[in-house]
Amino acid sequence: MYKPQFNKRRVLVFHQFGNKGWSLFSCLGREVVCSVLSVSTLTYASAESISTQPVTADTVATTTARELTLDEVSVTGSRAPLTKSQAARMVTVLDRADIQQAPVQSINDLLKYAVGVDVRQRGPIGAQTDITMRGGTQEQIIILLNGINICDPQTGHNVLDLPVDLSDILRIEVLEGPAGRIYGTSSLVGAINIVTEKKLKQVMAQMEGGSFGYAKVSFKYDGISASYARSDGYSRCKAGGLNSDFSGAKAFYQGHYRGENSHVSWHLGLTDKGWGSATAYASPKWQADDQYEHTTKLLADIQSDTRCGALNMHANIYWNQHQDRYEGYRGRPDLLKYNYNRTDVFGLSLNSYFDWVAGRTAFGAELRNENLLSGNLGEPLTRPHHINGTDRDYTLGLNRTNISGFVEHNVLLRNLTVSAGLVVVKNTWTDMNPTIYPGIDASLRLNRHWQLHASYNTSLRMPSFTEMYYKLQGYAANPHLKPEEMQAIEAGASFNASHFTFHTALWRHYGRNMIDWIMDTRQGDDATWQSVNHTRLNSVGIEASAEYKVRRATFNISYSYIDQEKDLEQGVISQYALEYLRHKLVAGLYLPLYSDLWLKVSLRWQDRVGQYTDFDGSVCDYEPYALADTRLSWQKPAYELYAEADNLLDTTYRDYGLVPQPGRWLIAGIRLKL
């Protein structure tokens, strides 16, 4: 179900393009093999940098006739758009069909089936999720919504507070490995871009309910969508009250304007939710089992694509705000003051590319300002800011600005693509001089079925505000943390035939100053979690995936293995960086049972490296576990009826040591298209 995308169409051979203002191929005086001529403008770290919309090619400016329309083409993660047949780097695409078939209710749950992705939940149905790739931490990947970086500099724990539902999504694109020259800072081990479906002149409504008092309703029409979900949760605190319940609402709007040589789009989003955090941030020293958290996220962006002769330009401006209220004891500020945080992120970027006889060249720059107001994180403010709805003020804060510029060139030959570039980064928070992070990708197409690829990439990440300043109940942060740096090499091969596809990759990461929270359990009651830099943290991994289609049925299987070279002293345990999935195996079967009745079965086996200390003070190893999920659906053009079972075998397991995960969860629902 989740597979790298490659060109599956017959190659078209064009000897020339006549009477076109963009007839580069004609002037080359040679035969050109291509799958599509992409004239849509690259968006900075946007959908077009990984995949493109259906592409149209115009005639010269003196005519408005549309002469050529080509199918949607997925492309690689580069600054300039390239067709699938030219792709120098592989990207995993979870398309609309994959999303509809999966037995999941949230984006968080969906990503569990991507082989290189590690999803660790502290709450059900996406209430709170940490997500990473290839042995990294939740702080080390970049999440984009329609190409806009929506990461929260306060913490990566709440990065998936998304204003969109699964029904809003056209596809999810996963790029694994450092991507500094493509996405700038934060993309230390990879990137995930969530692309929403465009305006739909059709009313869509969905209702579902299930175990533990779960209920959800959603609505979508003409670029506007909204939803509400709630649950009583699957556990109770020692006092008998709810401690894993959740409720929340989402709203999203998108619009666009298209002119002759320009296209402007805009997005507005809101998510507001609260959830019982149970023992999410507890420790042996602080055994609170009734924590609670409430977050609100607002986002807005405007993006513009313009074509001026041979130059294609994309500009965007965006603003994200995230507000967080954490209650160490739910509803009891007298026992522990609530922790309030607010981050405002403002960004703008310009990205351009042009074609010439030597290939395709892209260049541009970005500015991103991150501002924090807090009651617990940061440095003392010269002037306090009032916290709305309370009798308290924000007394701490921090502000930093990241400036980056990049250049990239793509050499496009018949069977070979080479994409090389660099990004120059400067952050006002650190004393580092402007630093260069280069990267190069190459893809060799041996024939219609086989493709080889190799890459070397680097990236940088600034510490989150939480990693630098969090100090509450057993946590002691270090404000002098160094930025993380990563170098990575990768090589792989792909095979694609009409009924069978296969992909494998071998990678190695060289990490410097990797940030982690560690605890020395030998200190007994005085032990605390401390944020530190690991001087070196190297890892190696291999991934493989295959898919086979016969008639209307599909079977897929994928596996990943990771090994890290870092070992801690006896009695010292890691909370994030050294807790990784050594083994992950995913298998899925999708087949028709009768007429419009379909069955989807997904299996997942995981074995995590790492230890945790339970409330009795015992150090425990993570145990491997296997999960089975299934979905039965009756699909008609105007409606769909479905029933799902998560954790069908009622397996007991833990993603985080002190947070038991839910057992079997049954859900049934209906989706209508009016």
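Relative to the ring axis of Y639, R671 does not place its NZ or CZ within 45° and under 6.0 Å from the centre. Remark: K600 is not positioned above the aromatic ring of W598, lacking an NZ or CZ atom under 6.0 angstrom from the ring centre and at most 45 degrees off the axis.
Residues Y353 and F363 fail the side-chain proximity criterion, which asks for heavy atoms closer than 4.5 Å. Using a 4.5 Å heavy-atom threshold, the side chains of P153 and V345 count as touching. In this structure, the side chains of N261 and T306 stay at 4.5 Å or more apart for every pair of heavy atoms. For the pair T361 and F354, the minimum side-chain heavy-atom distance is below 4.5 Å.
Note that OG of S187 and CD1 of I182 are 7.5 Å apart. Values are rounded to the nearest 0.5 Å. Put simply, CD1 on I143 and CD1 on I148 are 14.0 Å apart, with the number rounded to the nearest 0.5 Å. Separating the CE atom in M133 from the CG atom in L188 is a distance of 11.5 Å, to the nearest 0.5 Å. Separating the CG atom in N158 from the NZ atom in K273 is a distance of 7.0 Å, to the nearest 0.5 Å.
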*R171 vs D95, salt bridge (charged side-chain N to carboxylate O under 4.0 Å, His left out): CA-CA, chis, key distance, verdict*: CA-CA 4 Å; R171 63 185 176 274; D95 61 25; over 6 Å; no

_Residue pair S419, R181: steps toward the side chain to side chain donor-acceptor pair (under 3.5 Å) verdict_ = CA-CA 11 Å; S419 178; R181 82 174 199 272; 3.1 Å; yes

*Could you walk me through whether S464 and Q154 pass side chain to side chain donor-acceptor pair (under 3.5 Å), step by step?*
CA-CA 5 Å; S464 70; Q154 175 203 336; over 6 Å; no

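For the residue pair H314 and N351, no side-chain donor N or O sits within less than 3.5 Å of a side-chain acceptor on the partner. Using modelled atom types and a 3.5 Å distance limit, the side chains of N369 and T401 yield a donor-acceptor pair. Checked by atom type, the side-chain pair T295/D161 shows a donor-acceptor distance below 3.5 Å. Side-chain contact, Q303 with D301: a donor N or O sits under 3.5 Å from an acceptor N or O. Inspection of the S218 and D165 side chains reveals no N or O donor paired with an N or O acceptor under 3.5 Å. The closest side-chain donor-acceptor pair between N371 and N399 falls under 3.5 angstrom. A donor-acceptor contact under 3.5 angstrom links the side chains of D272 and T296, judged on distance only. A donor-acceptor pair shorter than 3.5 Å cannot be found between the side chains of D168 and T196. Side-chain polar atoms of Q100 and Y642 form no donor-acceptor pair below 3.5 angstrom. With hydrogens and angles left out, the side-chain atoms of Q321 and Q323 include a donor and acceptor closer than 3.5 Å. Between the side chains of T417 and R89, no donor N or O sits under 3.5 Å from an acceptor N or O. N410 and E408 share a donor-acceptor pair across their side chains, judged by distance under 3.5 Å alone. Side-chain polar atoms of D596 and Q635 form no donor-acceptor pair below 3.5 angstrom.
Taking the six-membered ring where the residue is Trp, H503 and H453 present parallel rings, their angle staying beneath 30° rather than reaching 60°.
A420 approaches I440 most closely through the heavy-atom pair CB-CG1, 3.9 Å. Scanning all heavy atoms of the two residues, the minimum distance from Y257 to H263 falls at O-CD2, 3.2 Å. The two residues L160 and I131 have their closest heavy-atom pair at CD1-CG2, 4.0 Å.
In this structure, Q128 contributes its side chain and H157 its backbone to a donor-acceptor pair below 3.5 Å. In this structure, the side chain of T554 does not engage the main chain of Y590 through any donor-acceptor pair within 3.5 Å.
For L367, the CG atom counts as densely surrounded, since its 6.0 Å shell holds more than 12 non-hydrogen atoms of other residues, nucleotides or ligands.
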